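Remarks on the structure that follows.
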Protein chains: 2
Amino acid sequence: MTTPARRPAADQALPDPDARCEVRCLHPQEVAQARAEQPGPADIEAASTLLKVIADPTRLKLLSALRTGELCVCDLSAVIGLSESAVSHQLRLLREQRIVTVRRQGRVAYYRLLDAHVTTLIGGVLDHLRGPVPA
Amino acid sequence: MTTPARRPAADQALPDPDARCEVRCLHPQEVAQARAEQPGPADIEAASTLLKVIADPTRLKLLSALRTGELCVCDLSAVIGLSESAVSHQLRLLREQRIVTVRRQGRVAYYRLLDAHVTTLIGGVLDHLRGPVPA
DNA sequence: AGTATACCTGAGCAGACGCTCAGATGTCCC
DNA sequence: GGGACATCTGAGCGTCTGCTCAGGTATACT
C-alpha cells in the first residue's frame, strides 16, 4: 500500500512545532495511521510468546521430529540427542502454547503435533531461507 | 502415520542390550525414521535465528507498523514509543535477516518490509491465537 | 510388597538478549 | 566553515532463558 504522498514532506507536514504529540517525528500523519492499525499489546505479547516457543533450536527439532508421527519422551530424547529432563521441560512449554498434545498409555506419554498452523509456519520460514525474496 | 506396532514392544524390539546405538529408546524404528527426516543443523539454526528475530515484541511492533508502508527511524520510534537508539539496534537485526530494507534519502533512512513471507507468517500466528485448532 | 521404568518438576548456574548511555558518522542549512 | 539533525554503533548492565542435577510421582512387572 504505497501511499501517494511518498516524498519527504517534512517542511509542510509540521504546521507548528508545538504539535509534537509525544515525541518528534518527520511524518505525523503516517505515524498516526501506523499507530491506529497497530495490534493491541495483548496480541503482540501473545504472538511473541508463541513465536519464541517455536524459535528455540531444541524445540524446532522436537517439532520437526513429530512431523513423522507421535513419539514418546525417551524417543524424542534419542532423536535430538538431549537428556529426557531437558526434553520434558521443553515439551511442557509446547503443551502450554497448544502446539503439541499428549496421550498417556500406561507410563508412556506419546506426544503429537496439535496444530497444522505450526507446520505451515515452519515451512514458510524454510521458504524464506532458501528462495529469493518474493516481494 | 500410526504404525501397526503401537504396543510397548520393548521386550522384542531390543534384540540385544548392546545394540543401543546411543541412548535407550522405546521405538527404535520410528526414532530412526525421525532422525533421517530431520533437517540439517544449519537449517535448524538458520530457522531459529530468523524466528527469534521475528519473535521479539519490539520487532513485532516494528514489522506491524511497516505494514502500512515505509517509515523512517524517528517515525518508527514515535509509533512504538521507544528510543531511536533502541529502534536502530533492532532494525539492524531485521536488515541482517533480510526482513526489511532501507532506502536512504539525504539523512533520512526509510525502512520497508522486504519479504511477504513474514507478513503471512505473522498472520498465521494470529490465526493460531484466535481460532481453535484446525488439525 | 518391592523394584524398575517413564516421566515430571524445582533449584541453580552459564550464556544470550534488549535496553540506556555516550560518542561517532554523514547530511542539510546558514 | 559551523551548527543542527537523523542515524548508527560500542560498552555496560539488568533480565530472561535453557541446560544439568537431584528428587518426586505414577505405572508395570515379579
Side-chain angles (χ1 to χ4, degrees), chain A residues 8-11 13-14 17 20 23-27 31 44-45 48-49 51-62 70-78 80-97 100-111, chain B residues 7-14 17 20 23-27 31 44-45 48-49 51-62 70-78 80-97 100-111:
Chain A
D11 40 359
L14 282 172
R20 295 170 182 173
V23 293
R24 62 176 177 178
C25 54
L26 291 183
H27 313 88
V31 167
I44 290 287
E45 204 60 35
S48 171
T49 303
L51 281 168
K52 275 183 185 170
V53 168
I54 301 175
D56 180 74
T58 296
R59 292 189 287 267
L60 268 179
K61 292 176 193 167
L62 290 174
E70 65 180 10
L71 291 171
C72 67
V73 177
C74 59
D75 285 346
L76 286 169
S77 170
I80 69 174
L82 206 59
S83 74
E84 296 180 12
S85 175
V87 170
S88 184
H89 276 294
Q90 305 304 339
L91 286 173
R92 191 162 81 93
L93 298 179
L94 291 173
R95 268 182 308 172
E96 289 175 355
Q97 289 297 313
V100 303
T101 186
V102 62
R103 173 180 71 90
R104 301 188 189 276
Q105 183 169 353
R107 53 188 170 183
V108 183
Y110 293 95
Y111 283 84
Chain B
R7 280 132 303 173
D11 41 359
Q12 60 95 8
L14 283 171
R20 294 173 183 173
V23 293
R24 61 175 179 178
C25 54
L26 291 182
H27 313 87
V31 167
I44 289 286
E45 203 59 36
S48 171
T49 303
L51 281 168
K52 274 184 187 170
V53 168
I54 301 175
D56 180 72
T58 296
R59 292 188 288 267
L60 269 179
K61 293 176 193 169
L62 289 173
E70 66 179 8
L71 291 171
C72 67
V73 177
C74 60
D75 285 345
L76 285 168
S77 170
I80 71 174
L82 206 58
S83 75
E84 296 180 12
S85 175
V87 170
S88 184
H89 275 294
Q90 305 304 338
L91 286 173
R92 192 162 81 92
L93 299 179
L94 291 173
R95 268 181 310 173
E96 290 175 355
Q97 289 299 311
V100 302
T101 186
V102 63
R103 173 180 71 90
R104 301 188 190 275
Q105 184 169 352
R107 52 188 171 184
V108 183
Y110 293 95
Y111 283 85

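Residue numbering restarts at 1 for every chain, and letters A, B, ... go by the order of the sequence lines. Quantities reported herein were computed from a predicted structural model and do not represent experimental measurements.
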Which listed nucleotide ([options]) is nearest to the side chain of [X]?
X: B:Val73; options: D:dC19, D:dC8, C:dC8; answer: D:dC8
X: A:Ala109; options: C:dC7, C:dG10, C:dT5; answer: C:dC7
X: A:Arg107; options: D:dT20, C:dA6, D:dT7; answer: C:dA6
X: B:Arg95; options: D:dT9, C:dG26, C:dG10; answer: D:dT9
X: B:Val108; options: C:dC19, D:dC21, D:dT7; answer: D:dT7
X: A:Ser85; options: D:dC19, C:dC7, D:dC21; answer: D:dC21
X: B:Ala86; options: D:dT9, C:dC7, C:dC19; answer: C:dC19
X: A:Arg104; options: D:dC19, C:dC7, D:dA6; answer: C:dC7

Notebook entry, point to check: Below 3.5 Å, does any donor atom in the side chain of B:Ser83 face an acceptor in the base of C:dC19, or the other way round?
Noted result: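 There is none.
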
Check: Can you find a side-chain donor-acceptor pair between B:Arg103 and B:Gln105 that sits under 3.5 Å?
Finding: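 A pair is found: one side chain offers a donor N or O, the other an acceptor, under 3.5 Å apart.
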
Please give, in whole Å, the distance from [N] [atom2] to [X] [atom1]?
X: A:Leu71; N: C:dC7; atom1: CG; atom2: C1'; value: 15 Å
X: B:Glu84; N: C:dA22; atom1: CD; atom2: C1'; value: 15 Å
X: B:Lys52; N: C:dA16; atom1: NZ; atom2: P; value: 9 Å
X: A:Glu96; N: D:dG18; atom1: CD; atom2: P; value: 12 Å
X: B:Tyr110; N: D:dC8; atom1: OH; atom2: P; value: 13 Å
X: A:Leu51; N: D:dC16; atom1: CG; atom2: C1'; value: 17 Å
X: A:Gln105; N: C:dT5; atom1: CD; atom2: C1'; value: 15 Å
X: A:Arg103; N: C:dC7; atom1: CZ; atom2: C1'; value: 15 Å

Next item on the list: Check every strand shown and say whether A:Leu82 touches a base, only sugar-phosphate, or nothing at a heavy-atom separation below 4.0 Å.
Entry: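 Sugar-phosphate, no base atom in range.
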
Next item on the list: For A:Gln90, answer base if it contacts any base atom (sugar-phosphate contacts may also be present), sugar-phosphate if it contacts only those atoms, and nothing otherwise; contact means non-hydrogen atoms under 4.0 Å.
Entry: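 If one applies the 4.0 Å heavy-atom cut-off, A:Gln90 turns out to touch the sugar-phosphate alone, with no base involved.
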
Checklist line | Ring-on-base stacking C:dC19 with B:His89 (under 5.5 Å, under 30°) | finding: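 Ring-base stacking flag not set for B:His89 and C:dC19.
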
Checklist line | Closest-nucleotide 5' rank along DNA chain C - winner of B:Asp56 and A:Ser88 | finding: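 It is A:Ser88, whose closest nucleotide lies nearer the 5' terminus.
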
Next item on the list: Look up atom CZ in B:Arg104 and atom OH in B:Tyr110, then write down how far apart they are to the nearest 0.5 Å.
Entry: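 B:Arg104 CZ to B:Tyr110 OH: 12.5 Å, rounded to 0.5 Å.
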
Next item on the list: Would you indicate whether the side-chain heavy atoms of A:Ile54 and A:Arg59 approach each other to under 4.5 Å?
Entry: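 They are not in side-chain contact.
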
Note to self: I want to check something: taking the side chain as every heavy atom from C-beta on, are A:Asp56 and A:Leu93 in contact at a cut-off of under 4.5 Å?
What the structure shows: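 Counting from C-beta outward, A:Asp56 and A:Leu93 never come under 4.5 Å.
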
Notebook entry, point to check: Counting just side-chain N and O atoms, does B:Tyr111 come under 4.0 Å of either OP1 or OP2 of D:dA6?
Noted result: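 The answer is no; no side-chain N or O of B:Tyr111 sits under 4.0 Å from OP1 or OP2.
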
Check: Between A:Ser83 and A:Ser77, what is the shortest heavy-atom contact and its length?
Finding: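 That closest heavy-atom pairing would be C-OG, 3.8 Å.
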
Check: Looking only at heavy atoms, which two atoms of B:Val73 and B:Glu84 are closest? And how far apart?
Finding: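 It is CG1-O, 4.1 Å.
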
